[in-house]
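A short worksheet on the structure shown next.
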Amino acid sequence: MSTDKNRFDSWLKEDLYRDIIYRVFLWASISGSAVYLATGLGQLAAVEYFEQVGKGIMPLLNIVGTIALILLLLAMMFKDLEYVDDFHFGQARVIGCIGGFVRRTAGDLSLWVLGAVVAIFTSASVAVFAEATTLGLGLQAVLQLTRFYALILLMFLGIACLSVLVRREEPPTSSLRTAPALLRSLIP
């Protein structure tokens with residue numbers, strides 16, 4: 001089975017960071033619409049909505065995010081091994097097929113993690129804005145929010161970069177001049 005190929009999709013895939021930015025825009029739009037509908041229709045206050053999102057996503061994000069991070073690192077290892085020694089670690093071998101499965105799974109999980117992080121960021125931003133406009137925020141709250149947003153930003157950037165490294169065609173160490181030679185010297 002083949003997927004649809006079109007100019008827009010090809011343009012997005014030319015630069016995987018562009019692809020992630022497009023996805024972030026969609027995820028933020030969907031999450032923002034959910035917040036708007038839940039809070040705008042008077043069903044929940046913005047802070048209550050964020051608490052519900054946090055209770056639902058955060059434990060799952062903790063587990064799936066950890067698994068995704070481990071698989072991303074394994075996927076980069078498999079990708080580099082295939083690049084360095086295609087005979088032993090290529091797609092014609094069982095270990096290469098396992099590596100391909102790990103790379104695909106890591107890529108998909110990393111995109112889910114990024115979507116979850118965007119949903120948390122969006123719902124937190126709406127809750128903070130609603131809280132700040134009605135009650136105002138003290139210095140302690142601003143410092144806690146700064147730490148929270150810095151953590152979310154670091155998590156997002158780290159997973160996004162790893163996702164791009166795993167999903168792109170070239171192996172992670174191909175941009176380093178001495179890395180392939182070093183890796184070849186380590187393989188017996």
Side-chain angles (χ1 to χ4, degrees), residues 1-73 75-76 101-137 141-142 144-169:
M1 179 182 288
S2 177
T3 59
D4 180 39
K5 293 182 180 172
N6 57 61
R7 291 174 69 185
F8 182 70
D9 193 46
S10 298
W11 177 75
L12 284 176
K13 300 289 186 210
E14 285 174 11
D15 184 2
L16 290 175
Y17 289 106
R18 184 184 305 152
D19 183 51
I20 287 179
I21 290 169
Y22 173 74
R23 289 172 190 256
V24 166
F25 176 74
L26 286 177
W27 293 327
S29 299
I30 293 167
S31 179
S33 298
V35 171
Y36 175 76
L37 290 174
T39 60
L41 298 175
Q43 294 174 351
L44 287 173
V47 174
E48 291 173 9
Y49 180 83
F50 175 67
E51 288 174 352
Q52 294 299 322
V53 168
K55 286 178 187 175
I57 292 180
M58 291 303 278
L60 189 59
L61 183 60
N62 188 23
I63 295 166
V64 175
T66 302
I67 292 169
L69 186 59
I70 291 168
L71 285 178
L72 283 165
L73 296 174
M76 288 193 309
F101 173 78
V102 169
R103 288 196 304 264
R104 176 59 193 238
T105 304
D108 287 350
L109 284 178
S110 69
L111 291 175
W112 183 88
V113 169
L114 291 173
V117 169
V118 169
I120 290 169
F121 179 84
T122 306
S123 59
S125 298
V126 170
V128 166
F129 181 75
E131 193 72 21
T133 56
T134 57
L135 302 175
L137 296 175
V142 170
Q144 288 177 345
L145 284 171
T146 303
R147 279 185 248 143
F148 173 75
Y149 280 122
L151 179 66
I152 291 289
L153 181 64
L154 283 172
M155 184 177 183
F156 179 84
L157 291 175
I159 296 291
C161 289
L162 289 173
S163 177
V164 166
L165 286 174
V166 166
R167 293 174 54 225
R168 73 180 183 166
E169 195 171 334

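Note that the structure is a prediction, hence the values are computed from the model and not measured.
- Of all non-hydrogen atoms in Val113 and Ala68, the two that sit nearest each other are CG2-CB, 4.0 Å.
- Within the model, atoms CG of Asp15 and CG of Asp19 stand 9.0 Å from one another, a figure rounded to the nearest 0.5 Å.
- Between Arg167 and Ile20 the shortest side-chain heavy-atom distance falls below 4.5 Å.
- Leu154 CG to Tyr149 OH: the interatomic distance, rounded to the nearest 0.5 Å, is 15.0 Å.
- Looking only at side-chain heavy atoms (C-beta outward), Ile159 and Val117 stay at 4.5 Å or farther from each other.
- Contact between Ala28 and Val118 at its shortest, heavy atoms only, is N-CG1, 3.6 Å.
- Under a cut-off of 6.0 angstrom, the local environment of CZ in Phe25 is sparse, with at most 12 non-hydrogen atoms contributed by other residues, nucleotides or ligands.
- Under the 4.0 Å criterion applied to side-chain N and carboxylate O atoms, Glu14 and Arg18 are assigned as salt-bridge partners.
- Residues Gly107 and Val166 approach most closely at N-CG1, 4.4 Å, considering heavy atoms.
- Residues Val24 and Phe156 are in side-chain contact: their nearest non-hydrogen atoms beyond the backbone lie under 4.5 Å apart.
- Counting all heavy atoms, side chain and backbone alike, Leu61 lies closest to Ile120 at CD2-CD1, 3.6 Å.
- Between Ser110 and Leu162 there is no side-chain heavy-atom pair separated by less than 4.5 Å.
- The environment of Phe101 atom CZ is sparse: at most 12 non-hydrogen atoms of other residues, nucleotides or ligands sit within 6.0 angstrom.
- Here the side chains of Ile67 and Ile63 are in contact, with some heavy-atom distance below 4.5 Å.
- Nearest heavy-atom pair across Ser123 and Ser31 is N-OG, 4.4 Å.
- Atoms CG and OG1, from Leu71 and Thr66 in turn, are 11.0 Å apart once rounded to the nearest 0.5 Å.
- To the nearest 0.5 Å, atom CZ of residue Arg23 and atom CG of residue Leu114 are 9.5 Å apart.
- When all heavy atoms are compared, the tightest approach of Ala106 to Ala75 is CB-CB, 4.0 Å.
- How far OH of Tyr49 is from OH of Tyr36: 14.0 Å, rounded to the nearest 0.5 Å.
- A ring-centre distance under 6.0 Å is not found for Phe121 and Phe148.
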Original post:
Can Tyr17 and Val164 be said to form a side-chain contact (heavy atoms from CB on, under 4.5 Å), step by step?
Top reply: CA-CA 7 Å; Tyr17 289 106; Val164 166; 3.8 Å; yes

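- In this structure, Val64 and Trp112 have side chains that are in contact, with non-hydrogen atoms separated by less than 4.5 Å.
- Residue Leu72 holds its CG atom at 8.0 Å from CG of Leu109, rounded to the nearest 0.5 Å.
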